[in-house]
*Asks:* 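My structure is below; once you've seen it, I'll send some questions.
The figures here come from the full heavy-atom set of this structure, side chains too, leaving out hydrogens, waters and symmetry mates. As the structure lists them, so they are numbered: ligands from 1, and atoms in each ligand from 1.
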Amino acid sequence: MTPDELAELLRSHVREVPDFPEPGVLFRDITPLLADGPAFAALVDGLAERYRGTIDAVAGLESRGFILAAPLAHALGVGMITVRKAGRLPGPVLGVDYSLEYGTARLELRSETVAEGSRVLIIDDVLATGGTAAAAIDLIERSGGTVAGLAMLIELVALEGRSKITGYPLESILRY
Ligand SMILES: O=P(O)(O)OC[C@H]1O[C@H](OP(=O)(O)OP(=O)(O)O)[C@H](O)[C@@H]1O
Ligand SMILES: Nc1ncnc2[nH]cnc12
């Protein structure tokens, strides 16, 4: 599938929900994509084709990133790293506080799950302000990994998340 075809696949399977989870936010909901077996499979296949042979692990960002990271890691035959919200992982963990389009949060990672010098692909559904992605980069690097790239299904360009992660290869399939 070409990048344009993948973008169209996404565009036709993402629902726009105004004022969720709070007034003023236009929420991009990927659940229609996940519920469509052939569409979800085509997306994972497209990502696997793009990254095959170039990475050693896939890091998924809780929780929607997990849904993408697990099948992609499986398709590539590499491990999956879980970057989780505060208090979910048994210690010892590394943690970092960050801000969201709506609210603040904390991400944690078990650094033992990142092999020294491994090339890690960070994946998530949406890049908004970039706070989550920047926090994940910080955790992977403090754990000894190398961030080989970031893959986002959707990039909300107006929120300028890309400016928080300069110097890292960031690819988004669909930009609004
Ligand atoms: O670029 P940012 O402004 O940091 O926002 C992007 C993040 O926000 C959403 O996650 P959320 O924290 O809502 O959690 P969820 O996946 O559990 O719904 C989304 O899945 C990204 O992880
Ligand atoms: N507008 C949005 N839609 C879906 N997920 C998001 N995460 C942060 N902002 C979002």
*Asks:* Is Leu61 in contact with ligand 1, taking contact as a heavy-atom separation below 4.0 Å?
*Replies:*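 Flag not set, Leu61 not near ligand 1.
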*Asks:* Return yes or no for this condition: an N or O of Leu26 is under 3.5 Å from an N or O of ligand 2.
*Replies:*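 Indeed, backbone or side chain, Leu26 has an N or O that close.
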*Asks:* Give, for atom CD1 of Ile137 and atom CG of Leu170, the distance between the pair rounded to the nearest 0.5 Å.
*Replies:*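 Output value for this atom pair is 8.5 Å.
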*Asks:* Are the side chain of Ser118 and the backbone of Val114 linked by a donor-acceptor contact shorter than 3.5 Å?
*Replies:*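 No: the side chain of Ser118 does not pair with the backbone of Val114.
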*Asks:* Could you say whether the N/O atoms of Ala128 and ligand 1 ever approach to under 3.5 Å?
*Replies:*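 Ala128 vs ligand 1: N/O contact under 3.5 Å present.
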*Asks:* Give the numbers and elements of all ligand 2 atoms closer than 4.0 Å to a heavy atom of Ala128.
*Replies:*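 The list of qualifying atoms is 8 (C), 9 (N).
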*Asks:* Output the list of atoms in ligand 1 that are nearer than 4.0 Å to some heavy atom of Val126, sorted by atom number.
*Replies:*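 Near Val126, meaning under 4.0 Å from one of its heavy atoms, ligand 1 has 6 (C), 21 (C).
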*Asks:* If the cut-off is 4.0 Å to any non-hydrogen atom of Arg64, which atoms of ligand 2 fall inside it?
*Replies:*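 Matching atoms, with element in brackets: 4 (C), 5 (N).
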*Asks:* Examine Gly130 against ligand 1 and note whether any of their N/O atoms are separated by less than 3.5 Å.
*Replies:*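 Yes, Gly130 has an N/O under 3.5 Å of an N/O on ligand 1.
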*Asks:* Roughly how far, to the nearest 0.5 Å, is the CD atom of Glu8 from the CD atom of Glu5?
*Replies:*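 Atom-to-atom, Glu5:CD and Glu8:CD are 10.0 Å apart.
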*Asks:* Taking N or O atoms only and a 3.5 Å limit, does Thr129 qualify as a polar contact for ligand 1?
*Replies:*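 N/O-N/O distance under 3.5 Å: yes.
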*Asks:* Pick whichever of Thr132, Asp124, Ile154, Ile30 has a heavy atom sitting closest to atom 21 (C) of ligand 1.
*Replies:*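 The residue whose heavy atom sits nearest atom 21 (C) of ligand 1 is Asp124.
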*Asks:* Nearest 0.5 angstrom please: Ile154 CD1 to Ile173 CD1, how far?
*Replies:*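 Rounded to the nearest 0.5 Å, the CD1-CD1 separation comes out at 9.0 Å.
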*Asks:* Quick one: CD1 on Ile123 to CD1 on Ile81, what's the gap to the nearest 0.5 Å?
*Replies:*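 Between atom CD1 of Ile123 and atom CD1 of Ile81 there are 13.0 Å.
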*Asks:* CZ of Arg64 to OG1 of Thr132: how many Å apart, nearest 0.5 Å?
*Replies:*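 Here the interatomic distance stands at 9.0 Å.
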*Asks:* Could you work out, with salt bridge (Lys or Arg N to Asp or Glu O under 4.0 Å) as the rule, every residue matching Glu62, not counting sequence neighbours?
*Replies:*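 Salt bridge (Lys or Arg N to Asp or Glu O under 4.0 Å) list for Glu62, sorted by chain: Arg84, Arg88.
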*Asks:* Could you list all the side-chain hydrogen bond (donor to acceptor under 3.5 Å, both in side chains) pairs where at least one residue sits in residues 23-36, not counting sequence neighbours?
*Replies:*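 Qualifying pairs, neighbours excluded: His13-Asp36, Arg15-Asp29, Glu16-Arg28, Asp29-Thr31.
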*Asks:* What is the distance from atom CD of Glu49 to atom CG of Leu76, rounded to the nearest 0.5 Å?
*Replies:*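 Reported value, rounded in 0.5 Å steps: 11.0 Å.
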*Asks:* So is Asp125 polar-close to ligand 2, meaning N/O to N/O under 3.5 Å?
*Replies:*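 Looking only at distances, the answer is no, because the N/O contact criterion of under 3.5 Å is not met.
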*Asks:* Any idea which atoms of ligand 1 are less than 4.0 Å away from a heavy-atom of Asp125?
*Replies:*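 Near Asp125, meaning under 4.0 Å from one of its heavy atoms, ligand 1 has 19 (C), 20 (O).
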*Asks:* Can you sort out which atoms of ligand 2 are near Leu156, meaning under 4.0 Å from one of its heavy atoms?
*Replies:*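 Close to Leu156: 1 (N), 2 (C).
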*Asks:* Mind checking whether Lys85 has an N or O less than 3.5 Å away from an N or O of ligand 1?
*Replies:*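 Yes; at least one N/O pair falls below 3.5 Å.
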